[in-house]
Every structure is written in structure tokens, then in C-alpha cells.
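So the structure is just underneath, and the comments pick up after that.
Atoms considered below: every heavy atom in the structure, side chains included; atoms not considered: hydrogens, waters and symmetry mates. The sequence lines fix the lettering, A, B, ..., with proteins before strands; numbering per chain opens at 1.
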Amino acid sequence: MIIEIRINQPLNLKHTLEWGQVFRWRKAQDWYIGVIDRSVVKLKIIDNKLIADATGKIGEERIHDYLRLDDDLNKILTLINKDKLVSSAITLFKGLRIIRQDPWECLASFICSINSNINRISKTIEKLCMKLGDPIISSYHAFPTPQAIVKAGIKGLRECGLGFRAKYLFEAAKQVEESFDLYSLVKEQTDAAISKLTQLPGVGLKVASCVALFSLNKLDAFPVDRWIKRVMITYYLRRESTIREITSFARSYFGKYAGYANQYLFHYVRTVKPRKIFQ
DNA sequence: ACCCAGGCGATTG
DNA sequence: CAATCGCATGGG
């Protein structure tokens with residue numbers, strides 16, 4: 001099914017889908033191909049239209065929702081544009097949008113991301129889906145359900161290359177299957193949602209913040225990894241700081257769209273040479 | 001070798 | 001009590 005969505009504001013699929021919010025999108029000629037929920041989706045932009053070619057029952061509403069096209073990006077970028085650094089990032093990456101993933105897929109993905117790198121995370125998740133996800137069409141599979149993860153067992157997960165993360169993912173899946181109400185967290189305040197998430201095994205502040213930002217509609221969540229930590233300390237705080245000090249500063253400095261600032265900065269410090277950032 | 005979108009439990013101060 | 005440390009693992 002082909003869906004056309006008229007877009008009247010910045011949307012850059014490369015910046016949005018390729019670098020670290022989500023790990024399953026691949027570029028094929030002029031399309032981006034990925035899986036949203038249980039549908040294989042191809043996306044491309046022609047002029048001011050987003051073209052989606054999708055299998056299954058997915059409709060315009062979910063595509064719109066996934067790319068958060070309701071976010072007024074121009075307004076958000078104006079609000080977070082507080083200094084030269086963010087301003088440069090916005091110039092380079094305008095059209096990068098926060099996306100709204102399925103919370104379980106997001107949680108599982110970021111448990112897999114612990115002390116790893118984007119390249120490896122993508123490969124691990126690919127193996128997980130291939131082995132444990134329900135087939136959709138050709139070689140595309142849905143993301144494995146918590147039940148499928150539990151059924152695979154720690155040994156089965158290790159065979160996908162999860163290493164020491166296998167037991168975290170297994171235990172988290174078990175709790176989500178049995179008692180942990182992941183999907184109700186969308187109704188909670190940001191800090192409450194994050195603190196509940198960190199009760200899960202393998203979920204610390206960083207992973208919880210990513211889940212809150214990328215799947216639970218918490219646009220003020222500010223994940224601090226080593227890249228963000230370095231740029232925040234050297235450019236903003238200008239002294240040794242804890243993760244809590246950094247997130248607290250970021251919230252007050254960038255405001256309720258701190259998560260957007262986070263993604264633009266993350267993109268920027270990973271792309272631009274350090275000496276260019278700090279002159 | 002060294003680094004990587006961190007978390008956890010043990011140890012130290 | 002908080003801060004620090006070593007470790008789980010595997011690919012580039």
C-alpha cells in the first residue's frame with residue numbers, strides 16, 4: 001500500500017533513521033527500508049511529500065506518529081537554539097527528528113547497546129529479529145516479542161552475539177511479560193518514567209533516558225553517554241560534573257525540548273572534528 | 001592493542 | 001554514605 005503524506009516542515013530521513021535512535025533502517029537506492037511494528041515500510045521524500053510503501057495494516061496515522069510529524073520542528077529548533085554550538089548543529093542537521101518507536105523494541109534495543117557501538121548494535125539486533133522475530137515478507141521479521149526473548153533463553157540470546165547483555169535482556173523481557181507495565185509509562189512524568197525504567201535489570205539512567213525520549217514521548221529526557229558527557233563538560237559546565245548535574249543543567253538550559261538539543265549535539269560531536277568545535 | 005549510545009556488584013575512602 | 005573499580009563481551 002502506498003501512502004503519501006504532505007510535509008510542511010523539515011524532515012531528513014538520513015539524520016533521523018541512520019544514526020543511533022533506531023537500528024533497523026537500511027538505505028536501498030532512494031528508499032529507506034525498515035520495520036515499523038509489524039509492517040515492512042519503505043520511505044522516501046519527493047519534493048514536499050513523504051512517500052511510504054508499506055505491507056500489512058499500517059496506515060498514514062502510524063507513519064505520521066512514528067516520525068512525530070506533529071512536532072513543530074521549526075519552533076522547537078528556535079527554542080533550543082541557545083548558543084553557537086547548537087546553532088551549528090542545527091545548520092548541519094536540520095530535519096533530524098526524534099522518532100516514536102514501540103517502547104518494547106526501544107527498551108530491548110538500548111539494553112543491547114550497553115558498552116557497544118552503533119555498528120555492532122545493528123548487527124546484533126538484526127540477528128535477534130532474524131532468529132526470534134515473526135516473519136513478515138522475504139527476509140524481514142518483526143522485532144521479537146518479550147515472550148520470544150524469554151523462550152529463547154539466555155543461551156539462545158548469546159548465540160545472537162549479546163554477550164553479557166543476554167541475561168539483562170532475558171530478565172527484562174521476563175518482567176515485561178509478567179508484571180512490568182511498560183506501556184503505561186507514557187502517562188507518567190519524565191522523571192517518574194525514567195526512575196521506574198531503571199528498576200529493570202540492565203537499565204540505568206542512560207538506557208532509561210533513551211527509552212523515555214525515543215518511545216515514551218518525553219522530549220525533555222536527556223540521555224548522557226560518553227560523547228554527550230564530554231561536550232557538556234568541556235563546552236557548557238566547564239568543570240568535572242556528574243551525570244545528574246549534566247541532565248539537570250541541560251533541562252534548565254535547553255528547556256522542555258532538551259531531548260532534541262541532545263540529538264543535535266550528539267550528531268554534531270560525533271561528526272565534526274573536536275578542534276573545530278572548541279576552536 | 002584500544003575503543004565503543006553503560007550497568008552492576010564489590011571494594012575503597 | 002558516596003565514589004571508584006573491574007568485569008561481562010565481541011567487532012572494528
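Under the 4.5 angstrom side-chain criterion for Ile, Leu, Val, Met, Phe, Trp and Tyr, the cluster partners of A:Y140 are A:I2, A:W31, A:I33, A:V35, A:V40, A:I46, A:I51, A:I136, A:I137.
Evaluation of the ring-ring contact (aromatic ring centres under 6.0 Å, His included) rule for A:W25 yields no partner, not counting sequence neighbours. For A:D72, the salt bridge (charged side-chain N to carboxylate O under 4.0 Å, His left out) test picks out no residue, with sequence neighbours left out. Remark: A:R239 pairs with A:E245 by the salt bridge (charged side-chain N to carboxylate O under 4.0 Å, His left out) rule, at least two apart or across chains. With sequence neighbours excluded, the residues that form a salt bridge (charged side-chain N to carboxylate O under 4.0 Å, His left out) with A:E159 are A:K131, A:K155.
Nucleotides C:dC5 and B:dC3 place their P atoms 16 Å apart, quoted to the nearest Å. Rounded to whole Å, the P atom of B:dG7 lies 22 Å from the corresponding atom of C:dG11. Atom name P, nucleotides B:dC2 and C:dC7: the rounded distance is 15 Å, in whole Å. For the C1' atoms, the distance linking B:dG9 with C:dG10 amounts to 22 Å, nearest Å.
In this structure, the side chains of A:Y268 and A:L92 come closer than 4.5 Å at one or more pairs of heavy atoms.
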Produce the list of close N/O pairs, under 3.5 Å, pairing protein atoms with atoms of nucleotides 10-12 of chain C; give distances to one decimal.
| unit_1 | atom_1 | unit_2 | atom_2 | d |
| --- | --- | --- | --- | --- |
| C:dG10 | O4' | A:R120 | NH2 | 3.0 |
| C:dG10 | N3 | A:R120 | NH1 | 3.1 |
| C:dG12 | OP1 | A:K123 | NZ | 2.4 |

Distances under 3.5 Å only, N/O to N/O: pair up the protein atoms with those of nucleotides 1-6 of chain C.
none

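Within a 6.0 Å radius of NZ in A:K27, more than 12 heavy atoms belonging to other residues, nucleotides or ligands are found. Remark: A:Q189 CD is loosely packed, at most 12 non-hydrogen atoms of other residues, nucleotides or ligands lying under 6.0 Å away. At most 12 non-hydrogen atoms from other residues, nucleotides or ligands lie less than 6.0 angstrom from NZ of A:K94.
Between A:F143 and A:W104, the angle of the ring planes goes over 60°, which puts this pair in the perpendicular group of the 30/60° scheme. Note: A:Y253 and A:F249 have parallel aromatic rings, judged against thresholds of 30 and 60 degrees for the angle between ring planes.
With salt bridges taken as basic N to acidic carboxylate O contacts below 4.0 Å, one links A:R251 and A:D191. Ionic pairing of A:R97 and A:D71 is not present here: no N-O contact between side-chain nitrogen and carboxylate oxygen is shorter than 4.0 angstrom.
The strand DNA chain B forms stems, runs of 3 or more Watson-Crick or G-U wobble pairs with distances below 3.5 Å, at B:2-4 with C:10-12, B:7-13 with C:1-7.
Contacts between residues 15-24 of chain A and DNA chain C, defined by a heavy-atom separation under 4.0 Å, are absent. Contacts between residues 95-114 of chain A and DNA chain C, defined by a heavy-atom separation under 4.0 Å, are absent. The stretch residues 200-209 of chain A comes close to DNA chain B through A:L200, A:P201, A:G202, A:V203, A:G204, A:L205, A:K206, A:V207, each having a heavy atom under 4.0 Å from the strand.
Among the atoms of the strands shown, base atoms are found under 4.0 Å from some heavy atom of A:Q263.
For the pair A:K42 (side chain) and A:G34 (backbone), a donor-acceptor distance under 3.5 Å is absent.
Protein chain A touches strand DNA chain B; the 5'-most and 3'-most nucleotides with an atom under 4.0 angstrom of its non-hydrogen atoms are B:dC4 to B:dC8.
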